[in-house]
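Report on the structure given below.
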Amino acid sequence: MGVPYVPVLGLVGTDLLRRRDDMVVAPDPFGDGKLTVVAKSMRPDVAVFHAHKADRQGNVSFGYPVDAVILAEASRYVIVTAEELVDRLDEREALGTFLPSILVDAVVHAPFGAHPGGLTNRYAPDKSAMADYVAAARSDSEFNAYLQRVVFDVDSHEEYCTRFVPQYARSADHVS
Amino acid sequence: MQPIDAPDYNDDELLVVLMAREVRDNEVSACGALSHLPAAGLLLAKELHAPSAELIILNTVFRPFQTSRQFHFLAQRGELGLFFVSGVQIDRHGNYNLHQLGADPDRPAVRFPGGYGGGMLYYAARRNIVFRTEHTRRSLVERVDFISAAGSSPQNVVRLGGPTKLITPKATFAFDQTARCLRLESIHPPYALDEIRDNTGFDLGVDAPVPATRAPSAEELSVLRREVRRKMIDTGTYANWAERALGVL
């Protein structure tokens, strides 16, 4: 959306409002002055999405319905990683949510880019890798070691897939 | 062999039946994610008395829109007739807490996911049924530690609806719109008033005898255990729970 603020009916009188400075109570300037919440817009510097398919102009077919358009509209810079890159993607052949190229700044080919999470209609979450993540998240030191192993010590996306994504090793596309 | 006066339904089934009775035909009724009991209640109502009810069960196939933006504005427009919500704590004033426990808000003893959505829907849905699977003094309190949504608002606040009932495995409370507080409405058999009083952390607001809740009927239970159970399993709507809990005493 990217508008300066949005009125919201509700939330008045909650402790949530006491603890946040991005939502205030304000009178309706057009009506009888009754109160609603006015929420400050979020303007993220960067938004990153992972989708089924994207083309080289930045048109994106998510492959399932998702609240991506509103986030892309609000963000200053939008990066889309995709399972598949094609030369030209028409809105009519998009599945699920379509994100037009005017909202997208960069596309990246990243098969299994949602790993260890799943991608709706493509692959399920990697439960064993998720369990590793959860176990590592219990302490800072374990989590730092986890990051070192799966992020910092990995040189490329291909290396990550080869080492950590069981389905990637089995997938015929990548076997020469 | 069950004792002779033991109910022929479990707590989950009782709550589902009581929730189903709150659903009106031709209205839009909804529940959030992680809400297997109201989900079953919505589906049961549609099988029984509300065939034209429009159901919204978030994160399932029963979701007549694509994005949560659409759900947000549907509620903001006032098109949501009924919403089911729960809280860790619920107080006499109809406030509920889904955020945190502890007297000091800066150092909570426990944090919960919280939620913006419920705090908005509590004001936008015409009727909100609050439910709680635990009827104890720690869950039903005089004053919640943190107000995630307020039971009532001053006249100068834009508000389309609010809480109308609280349902637990032991009793049903009605929200008194004039006094702006919950009052004990009926007690589920086989519980007695003393038991409700002992397990509720606020004044029940009653002095006259309190009626017994109408127990689930044979028809309600049979449709729940057959048609609704089948539908939940077939559509992947809390299928594991449906298989495990419905019809199992």
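Numbers restart at 1 for each chain; the letters A, B, ... are given by sequence-line order, proteins then strands.
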Pick one of side chain, backbone, both or neither for A:R18, based on which atoms fall under 4.5 Å of a heavy atom in chain B.
-> neither
Engaged part of B:Y122 at the chain A interface, taking heavy atoms whose separation is under 4.5 Å | neither
Are A:E158 and A:S156 close enough that a side-chain donor and a side-chain acceptor fall under 3.5 Å?
-> no
Near B:F65 CZ, under 6.0 Å, is it more than 12 heavy atoms from other residues, nucleotides or ligands?
-> yes
Neighbours of chain A found in residues 101-112 of chain B - heavy atoms under 4.5 Å = B:P105, B:D106
Scan side-chain atoms only and decide if A:Y123 and A:H115 contain a donor-acceptor pair under the 3.5 Å cut-off.
-> no
Are the side chain of B:Y123 and the backbone N or O of A:V12 linked by a donor-acceptor pair below 3.5 Å?
-> yes
Considering heavy atoms only, which positions within residues 67-85 of chain B lie below 4.5 Å of chain A?
-> B:T67, B:S68, B:R69, B:H72, B:Q76
Between B:R159 and B:S153, does any side-chain donor sit less than 3.5 Å from a side-chain acceptor?
-> yes
Does B:S148 reach the main-chain N or O of B:L98 with its side chain, forming a donor-acceptor pair under 3.5 Å?
-> yes
Would a distance-only check, ignoring hydrogens and angles, find a side-chain to backbone donor-acceptor pair under 3.5 Å from A:D105 to A:I79?
-> no
Using a cut-off of under 4.5 Å for heavy-atom pairs, which of B:G119, B:S152, B:A150, B:A149 has the most such pairs with chain A?
-> B:G119
For the pair B:T60 (side chain) and B:F62 (backbone), establish whether a donor and an acceptor sit closer than 3.5 Å, ignoring hydrogens and angles.
-> yes
Output the residues of residues 32-50 of chain A for which the shortest heavy-atom distance to chain B is under 4.5 Å, in residue-number order; output 'none' if no such residue exists.
-> A:K34, A:L35, A:T36
Report the relative orientation of the aromatic rings in B:F146 and B:H99; use parallel for angles under 30°, tilted for 30 to 60°, perpendicular for over 60°.
-> tilted
Check: B:R180 main-chain N/O paired with B:R92 side-chain donor or acceptor under 3.5 Å = no
Counting only N and O atoms by type, is there a donor-acceptor contact under 3.5 Å from the side chain of B:N97 to the main-chain atoms of B:V88?
-> no
Would you mind checking which part of A:V66 comes under 4.5 Å of any heavy atom in chain B, side chain (CB onward), backbone (N, CA, C, O), both or neither?
-> backbone
For A:D126, salt bridge (Lys or Arg N to Asp or Glu O under 4.0 Å) partners two or more places apart = none
Whether B:H36 and B:W241 hold their rings parallel, tilted or perpendicular, with breakpoints at 30° and 60° | tilted
Spell out, as yes or no, whether a donor-acceptor pair under 3.5 Å connects the side chain of A:D140 to the backbone of A:F143.
-> no
What distance separates B:L166 CG from B:T200 OG1, expressed to the nearest 0.5 Å?
-> 9.0 Å
